[in-house]
Asker: 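Sharing a structure, written as structure tokens. Questions coming.
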Amino acid sequence: MAKMTMVQALNLALRQEMERDPDVVLLGEDIGLDGGVFRVTDGLVQQFGEKRVVDTPLAESGIVGMSIGMALYGLKPVAEIQFSGFSYYTLHQIENHAARLRWRSQGRYHVPLVMRAPYGGGVRALEHHSESRETFWSHIPGIKMVIPSGPRNARSLLVSAIRDPDPVVFYEPKALYRAFREEVPEAEETLPLSRSVVAREGRDLTLIAYGAMMRPTLAAAEELHRKHGVEAEVIDLLTVSPLDDALMVASARKTGRVAVVHEAPRSFGPGAEIVARLVEKAFYHLEVPVARVTGYDVVIPFFSRENHYLPGVPRIVHAARSLLAA
Amino acid sequence: MAKMTMVQALNLALRQEMERDPDVVLLGEDIGLDGGVFRVTDGLVQQFGEKRVVDTPLAESGIVGMSIGMALYGLKPVAEIQFSGFSYYTLHQIENHAARLRWRSQGRYHVPLVMRAPYGGGVRALEHHSESRETFWSHIPGIKMVIPSGPRNARSLLVSAIRDPDPVVFYEPKALYRAFREEVPEAEETLPLSRSVVAREGRDLTLIAYGAMMRPTLAAAEELHRKHGVEAEVIDLLTVSPLDDALMVASARKTGRVAVVHEAPRSFGPGAEIVARLVEKAFYHLEVPVARVTGYDVVIPFFSRENHYLPGVPRIVHAARSLLAA
Amino acid sequence: MPRTRVELPEAIDHLSILNEKGELDRPLEPAVPDDTLLRLHRTMLLARRFDERLLSLQRQGRIGTFPPIAGQEAAHLGAVAILRPSDWIVPAFREMAADIWRGRPLESIIVYNNGFNEGGRIPADRNDLPISIPVGSQILHAVGIAWAMKYRGRDDVAMAFFGDGATSQGDFHEALNFAGVFQVPAVFVCQNNQWAISIPRAKQTRTRTLAQKALAYGIAGIQVDGNDLLAVYAAADEAVQRARSGAGATLIECVTYRMAVHTTADDPKRYRTEAEVEQWRGRDPITRFQKYLAAKGLLDEQAIAAEEEAVQAEIQGAVERAEEEMKGLGDPLLMFEHAYAEMPAYLKEQREEFIRLQAEIGGEGRNG
Amino acid sequence: MPRTRVELPEAIDHLSILNEKGELDRPLEPAVPDDTLLRLHRTMLLARRFDERLLSLQRQGRIGTFPPIAGQEAAHLGAVAILRPSDWIVPAFREMAADIWRGRPLESIIVYNNGFNEGGRIPADRNDLPISIPVGSQILHAVGIAWAMKYRGRDDVAMAFFGDGATSQGDFHEALNFAGVFQVPAVFVCQNNQWAISIPRAKQTRTRTLAQKALAYGIAGIQVDGNDLLAVYAAADEAVQRARSGAGATLIECVTYRMAVHTTADDPKRYRTEAEVEQWRGRDPITRFQKYLAAKGLLDEQAIAAEEEAVQAEIQGAVERAEEEMKGLGDPLLMFEHAYAEMPAYLKEQREEFIRLQAEIGGEGRNG
Ligand SMILES: Cc1ncc(C[n+]2csc(CCOP(=O)(O)OP(=O)(O)O)c2C)c(N)n1
Ligand SMILES: Cc1ncc(C[n+]2csc(CCOP(=O)(O)OP(=O)(O)O)c2C)c(N)n1
Ligand SMILES: [Mg+2]
Ligand SMILES: [Mg+2]
């Protein structure tokens, strides 16, 4: 086992899947010699050649539309969109085609593509480089929206996404790319898509998060424990959609107090669906309203102010304590 | 006052705004001689000429991107996207630019464009012609998402949308285009955006809907009254985003029982946000979980089955009665 | 140096072999076996008569909206005629003669047009994509398929179809540019039928031809008389050979005409004159091809009459089979299928909810 | 008839006026007043030195990531130099010399690059759009602005900038096609700097030139030596005159080179050789222009030294003013502004929530 950053772990997943399955090909802008602007594909063109690590012209709809064709033919394209803020160019290809070709052809075809893109704030980036719009993809029937939260699950989930027979949008929390290291076994590991996990057990309240927000959420849980003697249960969605509500419902029934944390704008964001599920399935166990600790309904500000926009430990702790006080 | 269909009422709004303000120009595919595939722009090219009623090449991003430029220069473009199922081609223009140019330029520029598109099922149309994906636009800070429910409010809201200084996505429920007529006064009428209305008063429960779903929802309320002696309050959102929660919260506090009705897929749909708001603001008044009567998490089936997908009167009545029985 | 003309390596040709009177430019005549010629004629006739029948079914409310193809039979059939089964076609929505040529049963077309998802099924032995409605978007899929063929070392080709209107879409541009950069075995067939609903070709783009857009991608481009099956066939042959040999993609502009409505929801009287339509009636691809076959001694009046009768019988059989088949369709639970390989938990719950509801509020009509 | 060549009305020229040695092609020399020439020189120099200063500020952590322009000064400055204040420019993100020419204060560039939204403000008297990062998307805005100018009967023009990479985007295609169809007064300036991050021009598209893409839209196209300010100026002059006279849009490809990193987050050693960069160093637009000015007797070594000093002083002043200004910036409540003309109710509530939170959890750092 080696200690790896998330970038290294993703690289490992790609490399091993490419070694294992010649149908796996990568395409995107600057993924070859440059190794991707975050170096996730570093070294892969050297190992697998330009035939399997394909630098494309600068055209996102082209990248994804072409990937759909490759997938229909039987390949397993992994398309990199350089930043999630440019993934919107592909919405019509994803909604109108990737999500539906299995259905349109009544099972004859399917589209096993992965669209990877770094998302989220916290890295002092330029405009369009810090957004969190996973809701767009989460709302589309036929699409899976996956967001890892650490090196190890990033590797496992990416392997699962590549093997998944359906189209997966895979958002990578760029703030975590190099934020910390984890042991990542060389041996194959996968994680089921559509399954969330309990990242920390607790009995007093439930915090639900995913992606980059797992770090402040877990830190908040730690602070709640240390400073306030409160035991927060923390759930990591991993797959945002199709949303697995079993764990969160069980936890909410146990604690009766829930906060959802995400950096996407609040309104019509993923937190809304989580609240709705909890209302559907755990209403009578909720002691207090589910809280949403989220980005505000504005564009994330340029980087000098972004920390005011992004939920952080103090805000999560504050929300948790308010839930307990109510 | 004349009895008008929604198509006629929208046409009236466009005609009067064009007469009133030379900065209003229309653009889109087939809106000239053809009058739009639903005839919303019928007769306008004859009255205002090709200079103001502009048939464009077949390119949605082009239409909206060009509209952004027109709006920046001071015009008030009203862009027609032939069907909402093709509006996804414009997401990057809307998210990356229309929604942000006021903010990006710190108030120097603004983008007073309207993107009109027929949406929704129920007209026995081909694939991609029956979707309801207002969530995409509703989640974007800086965008207003407006959906009328009848000829008269369609006219007023479209006038308000055209005059609004910010970008408005205006989804027209095509199932209602010619479904019924209403008195629409010749004299100017507007309705504030960001304000929902009580379409029917009641004390027993609250039904929240918008667009094409207002018809079955009101019919369900009528049936509840007639057959079951139940008085449903019905709220018509009119503007889906920014969501005005004042009325729904007041109603939920009064009735304690709420169902949301929409034809969009359930998960991550507008109903989720409504549930979340009610939980935030009316939790302690809710007697039972808020119900979501919605499309399923699938692509709306081809038209022979679409009525099974679309919420209808029996389903709404059933949901309402379940709320009361709980 | 100072101000010099840039020499472009590519040039755009116009090709025509059978003129409007059915006269042949003999040196250009492609070598097509007689039985293939007759099958092509049969397919065009079948597609034309079936189109007419669909129109009448639509007018009777027995199917929904659909896009007729009349006038464009040669423009797409001529192109697919050169393909092998292992090649793939990537249609838009106005290539019915090609679909029929590739083996799509007429029944499935009726079932599709009557709003049943079952009509979209494609047999395992055909490498065709289903109809694609979002204009221009499918061209990229052909590029991806062609890329994959090359990757696998096959000498197959992917042939994409689209209209004149589609050339305005960004996806057209991205597709042809990718095809140029990756030198994939793709053939792009533009059925320039002069109209994109109500927008005439001249308002779609300011260029003289659509074929010249190939110059923006460094790929081959050619304009052909799209109502001349031989010209389309010859151009496709050249393009397919180019593709198979690894020399890259081709844009073929087939100049043709949409004789009928855009779809059955359309009223062309609003935007085009009867005189224009009349003018194109004289260029009918079928009568022109019949003259050619007659001159070759392959077809006479009597044979044509027999063919007419045969296709009508085939159509009648298909209509009957389709109407029989549709009686058994409509199970609403199908709508929950094929969203994913495995149904997600919450969707299963929705399916259960639906079944419960059906039981409680009555299984008839809207569930709904 | 049968197989004929399609004659295209448009042709693509290549234009160069000052060669790499600074030698002039006299008949092509544009008539530019001496004081304008000197102002152009001053602006290029200022932009070059400011670029260098920004790089060092970035390395010191005093500003964030930004895209240097070194080497491309002539390619964009030459084009805007011909514009009037009432014309609009629609930049991408690598047109700093143009921004400066149009009156953007250096301070605002520093403030922007240090992550303050305030740096995006544009004074009411300049008709320029802010930087646009999503590649290719802004070209359509220029078309809309140009359309509106024509609608209003003005003889102004909209000038859009973008890179070689941008020509692959669908929006590039849609924009140029719309411009052709609507014959709008737009000028499209492509700064072909040979690279789109790590993707070389040859992998971006298979065409010989980028200028020839104009042939796909029926608009004028020309390729110029983009490191030759006079050639860029002359081509822009021609294009702007064409636009003002109602004769439509032009695509100008300025062949230039990105001498530095793509952005400060980039490491070009991964994908290109130092030898290539070296080769372009000999083609520097500034030294070449200085030779021209020297030959004209407008500039000598001493004057250049004085200019160097003057621009350094100007830059120093700007850095100091920016750092002073930034001390007063950072009020987090600004993030709630400018979302809409009127703040929606729920956003007001979020703003209140934010203020309450700040009070409760401490106003410092993350709110957050
Ligand atoms: C992206 C998109 N925009 C709009 C439409 C609506 N629409 C359907 S066909 C059509 C015209 C297509 O013209 P063309 O490409 O020439 O094909 P034709 O219909 O003439 O065969 C339009 C606008 C669509 N299907 N897809
Ligand atoms: C739509 C989009 N995709 C990707 C990016 C990331 N990106 C920023 S600049 C760039 C390369 C641009 O190349 P070019 O157009 O040649 O301009 P240059 O940077 O050379 O000035 C890329 C890929 C982006 N900003 N926008
Ligand atoms: Mg057409
Ligand atoms: Mg470049």
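Just so you know, these numbers use all the heavy atoms, side chains as well, and skip hydrogens, waters and symmetry mates. Every chain is numbered from 1, with letters handed out A, B, ... down the list of sequences.
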Asker: As a quick check of understanding, evaluate side-chain contact (heavy atoms from CB on, under 4.5 Å) for D:Gln194 and D:Asp164, giving each step before the final call.
Answerer: CA-CA 7 Å; D:Gln194 311 306 327; D:Asp164 44 309; 5.6 Å; no
Asker: Sort C:Ile222 into side chain, backbone, both or neither according to what part of it lies under 4.5 angstrom from a heavy atom of chain D.
Answerer: side chain
Asker: Relative to chain D, which segment of C:Gln204 carries a heavy atom at a distance below 4.5 Å: side chain, backbone, both, or neither?
Answerer: backbone
Asker: Let me know if C:Thr209 has heavy atoms under 4.5 Å from chain D in its side chain, its backbone, both or neither.
Answerer: side chain
Asker: Checking C:Glu10 against chain D: side chain, backbone, both or neither under 4.5 Å from a heavy atom?
Answerer: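 It is the side chain, since no backbone atom gets that close.
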Asker: When D:Arg3 is tested against each of C:Asp225, C:Asp25, C:Asp13 for salt bridge (charged side-chain N to carboxylate O under 4.0 Å, His left out), which residue passes?
Answerer: C:Asp13
Asker: Tell me the closest heavy-atom pair linking D:Gln138 and D:Ala92, and the distance in Å.
Answerer: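 Heavy-atom minimum between the residues: NE2-CB, 3.6 Å.
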Asker: Using non-hydrogen atoms and a 4.5 Å limit, figure out which bit of C:Phe172 sits close to chain D: side chain, backbone, both or neither.
Answerer: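 Contact with chain D is through the side chain of C:Phe172 alone.
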Asker: Indicate yes or no: does C:Arg201 engage C:Glu276 in a salt bridge with an N to O separation below 4.0 Å.
Answerer: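 Salt bridge between C:Arg201 and C:Glu276, a charged N being under 4.0 Å from a carboxylate O: no.
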Asker: Who among D:Lys203, D:Gln183, D:Gln223 has the most heavy-atom pairs with chain C under 4.5 Å?
Answerer: D:Gln183
Asker: We want to know whether D:Asp171 and D:Ser137 form a side-chain donor-acceptor pair, criterion being a heavy-atom distance below 3.5 angstrom.
Answerer: no
Asker: Non-hydrogen atoms of chain C under 4.5 Å away: do they reach the side chain of D:Arg208, the backbone, both or neither?
Answerer: side chain
Asker: Knowing that exactly one of D:Val189, D:Ile17, D:Val232 qualifies, which makes a side chain to side chain contact (heavy atoms under 4.5 Å, CB included) with D:Val224?
Answerer: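 Among D:Val189, D:Ile17, D:Val232, the one meeting side chain to side chain contact (heavy atoms under 4.5 Å, CB included) with D:Val224 is D:Val232.
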Asker: For C:Ile12, is it the side chain, the backbone, both, or neither that has a heavy atom closer than 4.5 Å to a heavy atom of chain D?
Answerer: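 Both parts, heavy atoms under 4.5 Å.
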